[in-house]
Amino acid sequence: MLKLYNTLTKKIEEFKPLHPDVVKLYCCGPTVYDYAHIGNFRTYTMTDLLVRTLRYLDYKVKYVMNVTDVGHLVSDADVGEDKMEKGARREGKTAWDIAKFYTEAFLEDSKKLNLLEPDVLPKPTEHIKEQVEMVQKLLDKGYAYQIDDGVYFDTSKFSSYGQLTGQKLEELKEGARVEPNPQKKNPTDFALWKFSPSASSGRVQKRDMEWDSPWGKGFPGWHIECSAMSMKYLGDQLDIHTGGADLIPVHHTNEIAQSEAVTGHVPFVRYWVHGQFVLVDGEKMSKSKGNFYRLADIEKKGFDPLSLRYFYLTAHYRSFLNFTWEALTSAQNALNEVRSSIANLKTAERSILSEDKLKKIDAYRKKFDASITDDLNMPQALAVVWEVVKSNIPSPDKYDLLMDFDEVLGLNLKSQISRPNEEKIPDEIKQLVDEREKLRQEKKFRESDELRKQIEGKGYVIEDMPQGKPRILRTK
Ligand code: AMP
Ligand code: ZN
């Protein structure tokens, strides 16, 4: 049974989907005006681990992640430029080109991190009709009003506004950023539809992305896209919604208000799951501070992208995770060690297991399952992996167990082991293996052991066979 911490109730709860046959899960995806950094990818990896865990537990999951390609303004207070338009000016391209380029970059990095592909990856620019319809419903029901620069949600009309943060409306009002538009009724009111600058103020900077609407030419606000698209693909009520912790006070708070106001179905989301930040020198990694690294930066230094995934697994998703190169090096070393120990596992005939061994295997599996179902305790799950690696259970069973665990961990352990007939072994390695074999036959075991280590350092392991030549396996 899966237990999850729910930001809405601030408690660890037993997870029960609304409909037993499918779990409806939505994750706030990237805003594609620039590359995603490794802080962002921690949040997507957390969601990936949750989806994998649910599937491992035999739930069917419908997994939707949006790709924000319009409407996300540089300030949460609904002022300032659209990040997409800003990206376009920075690079001298159109916002459409920027969206295409950075969406592809995001998907490439996601693949390298072995992130599952969502079942649907909707974009707000392709769902303008749905968003306009939702805004119209909010106006019809009296939850929204129009002022000079757009249509806004009236947060004072929604009695449970702010429930996700645990703050009352008054406290949220005090915390809200600078008053952006004096016509707004409450500082916490947020834009559902913004007018293009030319339409409202006569300024001539023409947007690349704008659409007609019943209220005037413009573009949808950032929050409405997640409500409109999640409901389109998952229905009025979602089982799980994920994102980073910084989305709680504004984006997710606003998603709840407009969704519940439109449908009357409460709660819009049954389990809110938020991931904590990656830090650098104790500060949140963020684009605005410039203290960020991309996957390409770690690859340039010779790290395998999956070492980053291993690094993420070393901390619970609700704890801060401080990024350092030393920590990433340790993660890479640990990953290499797991890989080579798997490659070393003999593909011996499966023997009949003793009662004792069977019990041990069962106990490891139970321990692993208990870790992942305990609010996704991945550091503990990794500890079980190491117990198994170091255990004396027979190799084929060890292998099977680790491969099962990897369905959740996603370290792609299977692909690390390529059999010699599938893989071209370089001549240099073959020569070293032959030399080692010669030394072994001459019973020069110390020297042959030295050569074995050298070979392992080059990313290959030798599996000695009872008869014939040894097998050479690649570990990296
Ligand atoms: P953004 O592109 O800023 O909308 O962020 C995309 C996702 O990454 C959101 O779910 C954010 O909450 C999350 N995020 C942003 N910065 C970090 C960070 N330093 N560590 C972990 N997640 C982050
Ligand atoms: Zn969202």
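Note that the structure is a prediction, hence the values are computed from the model and not measured.
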Engineer: Less than 3.5 Å apart, any donor N or O on the side chain of D189 or T155 sitting next to an acceptor on the other?
Structural biologist: yes
Engineer: Check for a donor-acceptor pair, side chain of K10 on one end and backbone N or O of L164 on the other, with a separation under 3.5 Å.
Structural biologist: yes
Engineer: Regarding Y317 and D375, is there a side-chain donor-to-acceptor distance under 3.5 Å anywhere?
Structural biologist: yes
Engineer: Salt bridge check, E91 against K93: does any charged N sit closer than 4.0 Å to a carboxylate O?
Structural biologist: yes
Engineer: Salt-bridged, K112 to E299, with N to O below 4.0 Å?
Structural biologist: yes
Engineer: Cation-pi check, K194 to F219: give yes when NZ or CZ is under 6.0 Å from the six-membered ring centre and within 45° of the ring axis, no otherwise.
Structural biologist: no
Engineer: Is any NZ, NE, NH1 or NH2 atom of the basic residue among K414 and D406 found under 4.0 Å from an Asp or Glu carboxylate oxygen of the other?
Structural biologist: no
Engineer: Check V273 against M46 and note the closest heavy-atom contact, atom names and distance.
Structural biologist: CG1-SD, 3.9 Å
Engineer: Could you check V23, I240, V22 and say which one makes a side chain to side chain contact (heavy atoms under 4.5 Å, CB included) with P17?
Structural biologist: V23
Engineer: Answer yes or no: is there an ion pair linking E81 with K86, defined by an N-O contact shorter than 4.0 Å?
Structural biologist: no
Engineer: Measuring centre to centre across the rings, with the benzene-like ring taken for any Trp, is H274 within less than 6.0 Å of H252?
Structural biologist: yes
Engineer: Does the side chain of T188 pick up a donor-acceptor pair with the side chain of N186 at under 3.5 Å?
Structural biologist: no
Engineer: Keeping the roles fixed (side chain from D119, backbone from Y63), state whether a donor-acceptor pair exists under 3.5 Å.
Structural biologist: yes
Engineer: Can you say whether the rings of H251 and W222 are parallel (under 30°), tilted (30 to 60°) or perpendicular (over 60°)?
Structural biologist: parallel
Engineer: Working note: D369 + Y56, criterion side chain to side chain donor-acceptor pair (under 3.5 Å); need CA distance, chi angles, decisive distance, verdict.
Structural biologist: CA-CA 9 Å; D369 292 2; Y56 176 88; 2.8 Å; yes
Engineer: Ring centres of Y293 and H37 under 6.0 Å apart?
Structural biologist: no
Engineer: May I ask you to decide if L49's main-chain N or O and T53's side chain share a donor-acceptor pair within less than 3.5 Å?
Structural biologist: yes
Engineer: Tell me, please, whether W325 has K301 positioned over its six-membered ring: NZ or CZ under 6.0 Å from the ring centre and within 45 degrees of its axis?
Structural biologist: yes
Engineer: How far apart are the closest heavy atoms of E210 and S196, and which atoms are they?
Structural biologist: OE1-OG, 2.5 Å
Engineer: Please determine if E14 and K3 form a salt bridge, counting it only when a charged side-chain N lies under 4.0 Å from a carboxylate O.
Structural biologist: no
Engineer: Does a side chain donor of either Q276 or S319 reach within less than 3.5 Å of an acceptor in the other side chain?
Structural biologist: no
Engineer: Can the ring centroids of Y59 and F15 be said to lie less than 6.0 angstrom from one another?
Structural biologist: yes
Engineer: Around atom NZ of K16, are there more than 12 heavy atoms from other residues, nucleotides or ligands closer than 6.0 Å?
Structural biologist: no
Engineer: Are Y33 and Y102 close enough that their ring centers fall under 6.0 Å?
Structural biologist: no
Engineer: Between D212 and K217 (side chain of the first, backbone of the second, donor and acceptor by atom type, cut-off under 3.5 Å), is there such a pair?
Structural biologist: no
Engineer: Any ion pair linking D69 and K100 (charged N to carboxylate O, less than 4.0 Å)?
Structural biologist: no
Engineer: Take N336 and N333 through the test side chain to side chain donor-acceptor pair (under 3.5 Å) and record every step on the way to the result.
Structural biologist: CA-CA 5 Å; N336 290 350; N333 290 341; 4.6 Å; no
Engineer: Are D82 and R207 within salt-bridge range, i.e. N to O under 4.0 Å?
Structural biologist: yes
Engineer: With no hydrogens and no angle check, do the side chains of N66 and E225 hold a donor and an acceptor under 3.5 Å apart?
Structural biologist: yes
Engineer: Can we say R339 and D304 salt-bridge, meaning some charged N sits less than 4.0 Å from an Asp/Glu carboxylate O?
Structural biologist: yes
Engineer: What I want to find out is whether E133 reaches K129 closely enough, with some N-O distance under 4.0 Å, to be called a salt bridge.
Structural biologist: yes
Engineer: Considering only NZ, NE, NH1 and NH2 on the basic side and carboxylate oxygens on the acidic side, decide whether R90 and D97 come within less than 4.0 Å.
Structural biologist: no
Engineer: Between D140 and Y143, is any side-chain donor less than 3.5 angstrom from a side-chain acceptor?
Structural biologist: no
Engineer: Taking E283 first and then K289, would you say they form a salt bridge - that is, a charged N and a carboxylate O separated by under 4.0 Å?
Structural biologist: yes
Engineer: Is the terminal nitrogen or CZ of R42 (NZ for Lys, CZ for Arg) located under 6.0 angstrom from the six-membered ring centre of F277 and within 45° of that ring's axis?
Structural biologist: no
Engineer: Tell me, yes or no, whether the heavy-atom count around K137 atom NZ, taken from other residues, nucleotides or ligands under 6.0 Å, exceeds 12.
Structural biologist: no
Engineer: Check for a donor-acceptor pair, side chain of D239 on one end and backbone N or O of K24 on the other, with a separation under 3.5 Å.
Structural biologist: yes
Engineer: Compute the centroid of each ring, for Y44 and then for F106, and state whether the two points are separated by less than 6.0 Å.
Structural biologist: yes
Engineer: Before you tell me yes or no, could you show the steps for Y152 and N181 under side chain to side chain donor-acceptor pair (under 3.5 Å), namely the whole-Å CA-CA distance, both residues' side-chain angles and the distance that decides it to 0.1 Å?
Structural biologist: CA-CA 11 Å; Y152 282 77; N181 185 335; 4.8 Å; no
Engineer: Can you confirm whether or not the ring centre of Y233 sits under 6.0 Å from the ring centre of H127?
Structural biologist: yes
Engineer: Distance only, no hydrogens: is a donor on one side chain within 3.5 Å (strictly under) of an acceptor on the other, for S341 and E337?
Structural biologist: no
Engineer: Compute both the distance and the angle, then confirm whether R294 meets the cation-pi test with Y35: under 6.0 Å from the six-membered ring centre, within 45 degrees of the axis.
Structural biologist: yes
Engineer: Identify whether the distance between the nearest side-chain nitrogen and carboxylate oxygen of R89 and E85 falls below 4.0 Å.
Structural biologist: no
Engineer: Is P220 close to W211 at the side-chain level, that is, under 4.5 Å between some pair of heavy atoms?
Structural biologist: yes
Engineer: Going by atom types alone, do E255 and H241 pair a side-chain donor with an acceptor below 3.5 Å?
Structural biologist: yes
Engineer: Would E326 and S330 satisfy side chain to side chain donor-acceptor pair (under 3.5 Å), going step by step from the backbone distance to the final call?
Structural biologist: CA-CA 6 Å; E326 291 74 32; S330 306; over 6 Å; no
